Amino acid sequence: MSLQEARRSAYAAVEENRNRSRKEHPMKSAQKIIATTAVLAMSVTALSACGSSTADSSKGKVYFLNTKPEIVDQLQELADAYTDETGVSVDIQTAASGTNNQTLTSELSKSDGPTMFNLSGFDQYAKFKDYLEPVQDSDAYKLLTDEGKSYAFKDGDTAYTIPYAAEWYGIIYNKKIVNEYAKKSYAVIKSADDITSWDVLKKVMDSMQEHKDDLGLEGAVSTPGLDASDNYRFSSHMARIPLFYELKDLGVTFSLDITGKYMNHYKDLWDTMVKDSLTEPSLIGSGTYEDSTAEFSTGAVAFYPNGVWAYSQIKDNDVADEDLGMLPYYMGNPGEEDYGPAAVYDANWAINKNASAEDKKASLDFIKWMVSSDTGKKALAKEMGFAVPFTTFGENDQPANPLVSAAKEWSESKGKKTVYTANIPGQQWMDNIANPLVEYTQGTGKWDAVVEGFAGSWKTLWDAYKDSTGMLPPADPLS
């Protein structure tokens, strides 16, 4: 079966599920749609290795190891378009969720390894720096805005990565559901705009859970799943919130001296999300990303902690774009009323220095095309929904992603500061939080083990990074 035939077959299955969804329970039908789309993504990823029949091997090739599974389809379409236009073969492969470091380590060790790949966070930069080609003299890097260049991973004047997306994360919510709730006699708010603190957010979640039948909901909050596909939302994103406020107290962007002083606030939000979701605590450990996304996308719940990247999976279901909002991660930290959602500039492209000269050039040319051609710009901003930091993007090229607009509204319209996304020491630290969090939630472990995973392993893991790479993140002033 050809790539095009496989796509048509998979899309037909998606459409069949959509049509069937009119007769089925809405959440279950959306889970089928999302699951089928995931199968499509895996099929495209697996088939992409075959490349296009129009490829010209004399022009070098691109093997892009992608670590963002939510954009597999859009990347493959870009790869096909670029090959058709230039004759250069572009092979897109995507690491499975939770395996980024292992996959990168394995693939980069090969003689025919990726020519370009994603890097996310200082820990990956430090871990894979020996594979990185300097990019500051490339046309692709020079097209970055000054802000974009400031977020590139550098060693002195040498830049090793090309940031390609500004992203935000917080608690996504359905404005329509929340505002309909606000009309009820039992409501604790008059509108969604009244949710400005943890105390209010908790009261709203608890009240909506209590009256979920009257509201036509299955729960107030989407399942806070902790299986491998989903636990990053809580072991990385949500965990960085108490980390930010602890670093803020210290006045720096990084410190080895972390105690977990605000993890009790994390616990308050976590306990509320578990209690007010539609999944029993004993089953949280097997809750998947697809489950949680489906619950929100079909209007079965009102709140969904995640980032702007989730829009590609939410759209075209039952939540209208105009009904998508984003709250900060309120949990009771001191001074959080002055801050909006968290910002992250972790998404970077990197070039494998061990690739051939022809393949390195082909990869940088592909990046330049993605950020300067009409096809590439449309895919990155309009289809993937990224706020892209390149000078080639004008006003009309900005993302058609309502979650980006909702996140930026906090700083642009409400005058709130942005939560800085602190560097973390990688997957092991996340696992050290997620594993005891599962046990705590299931009732087989203590909360102290979660705090120990957060704070107790922090210095040890960073010391190991320093021993192996000679590097620690910069401890810049943080106001």
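Predicted model only: the values in this text are computed from it and were never measured.
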From CA spacing to verdict: salt bridge (Lys or Arg N to Asp or Glu O under 4.0 Å), Lys368, Asp139: CA-CA 7 Å; Lys368 180 181 178 182; Asp139 289 341; 3.3 Å; yes
Note, Leu144 side chain near Pro163 side chain (heavy atom, < 4.5 Å): yes
Test item: side-chain donor near acceptor, Asp199 and Ser197, under 3.5 Å: no
Over 12 foreign heavy atoms within 6.0 Å of NZ, Lys190: no
Where Val344 and Trp309 come nearest, the two heavy atoms and their spacing: CG1-CZ3, 4.4 Å
Minimum heavy-atom distance between Leu327 and Leu201, given as atom pair plus value: CD1-CD1, 4.0 Å
Lys175 NZ: over 12 foreign heavy atoms closer than 6.0 Å: yes
4.5 Å side-chain heavy-atom contact, Pro305 and Met273: yes
Worked check of salt bridge (Lys or Arg N to Asp or Glu O under 4.0 Å) between Lys377 and Asp397: CA-CA 7 Å; Lys377 289 194 294 183; Asp397 297 317; 3.4 Å; yes
4.5 Å side-chain heavy-atom contact, Asp476 and Thr253: yes
Under 3.5 Å donor-acceptor, Asp323 side chain and Val319 backbone: no
Gap separating the CE atom of Met331 from the CG atom of Asn264, nearest 0.5 angstrom: 10.5 Å
Neighbour count >12 (heavy atoms, 6.0 Å) for atom NZ, Lys129: yes
Donor on one side chain, acceptor on other, Ser297 and Thr293, under 3.5 Å: no
Ring centroid separation Phe234 to Tyr266 under 6.0 Å: no
Note, Trp429 side chain near Asp123 side chain (heavy atom, < 4.5 Å): no
Side-chain touch Leu217/Met208, heavy atoms, less than 4.5 angstrom: yes
Any donor-acceptor pair under 3.5 Å from Asn174 side chain to Ile177 backbone: yes
Positive for ring-ring contact (aromatic ring centres under 6.0 Å, His included) with Tyr151, one of Tyr345, Phe122, Tyr125: Tyr345
Donor-acceptor pair between Thr115 and Asn352 side chains, under 3.5 angstrom: no
Geometric cation-pi criterion, Lys267 with Trp270: 6.0 Å, 45°: no
Shortest non-hydrogen contact between Leu104 and Gln124, atoms and distance: CD1-NE2, 3.9 Å
CD on Glu85 to OG on Ser373, rounded to 0.5 Å: 6.5 Å
Atom of Thr418, atom of Pro341 and distance for their closest heavy-atom approach: CG2-O, 3.6 Å
Tyr262 and Asp249 side chains, donor-acceptor separation under 3.5 Å: yes
Contact check, side chains of Phe153 and Ile162, non-hydrogen atoms, under 4.5 Å: no
Distance, nearest 0.5 Å, that separates CD1 of Ile172 from CE of Met326: 4.5 Å
Trp462-Phe254 aromatic ring centre distance below 6.0 Å: yes
Phe366 and Tyr82 aromatic centres sub-6.0 Å: yes
Residues Thr272 and Lys202: side-chain donor-acceptor under 3.5 angstrom: yes
Donor-acceptor contact present, side-chain Thr391 to main-chain Leu143, <3.5 Å: yes
Arg233 and Asp230: CA distance, side-chain angles, deciding distance, salt bridge (Lys or Arg N to Asp or Glu O under 4.0 Å) verdict: CA-CA 6 Å; Arg233 291 194 291 142; Asp230 204 29; 2.7 Å; yes
Test log, rule salt bridge (Lys or Arg N to Asp or Glu O under 4.0 Å), inputs Asp214 and Lys184: CA-CA 10 Å; Asp214 181 58; Lys184 301 291 186 176; 3.4 Å; yes
Modelled atom types, side-chain donor and acceptor of Thr259 and Glu246, under 3.5 Å: yes
Atom pair CG/CG of Asn66 and Leu75 - distance to nearest 0.5 Å: 5.0 Å
Nearest non-hydrogen partners of Leu247 and Ser255, listed with the distance: CD2-N, 3.7 Å
Flag for Tyr289-Gln313: side-chain donor and acceptor within less than 3.5 Å: yes
Any Glu322 side-chain heavy atom under 4.5 Å of Lys176 side chain: no
Minimum-distance pair of heavy atoms, taken over all atoms of Thr94 and Pro69: CG2-CA, 3.8 Å
Contact check, side chains of Asn432 and Phe454, non-hydrogen atoms, under 4.5 Å: no
Plane angle bin for Phe117 and Phe128 - parallel if under 30°, tilted between 30 and 60°, otherwise perpendicular: perpendicular
Separation of Leu119 CG from Asp346 CG (nearest 0.5 Å): 10.0 Å
Sequence neighbours excluded, every pair satisfying ring pair (Phe, Tyr, Trp, His ring centres under 6.0 Å) that has a member inside residues 372-397: Tyr164-Phe386
Euclidean distance, Gln93 CD relative to Asp91 CG, rounded to 0.5 Å: 4.5 Å
Check ion pair Lys275-Asp206 (N to O, under 4.0 angstrom): yes
Asp291 and Thr223: side chain donor to acceptor below 3.5 Å: no
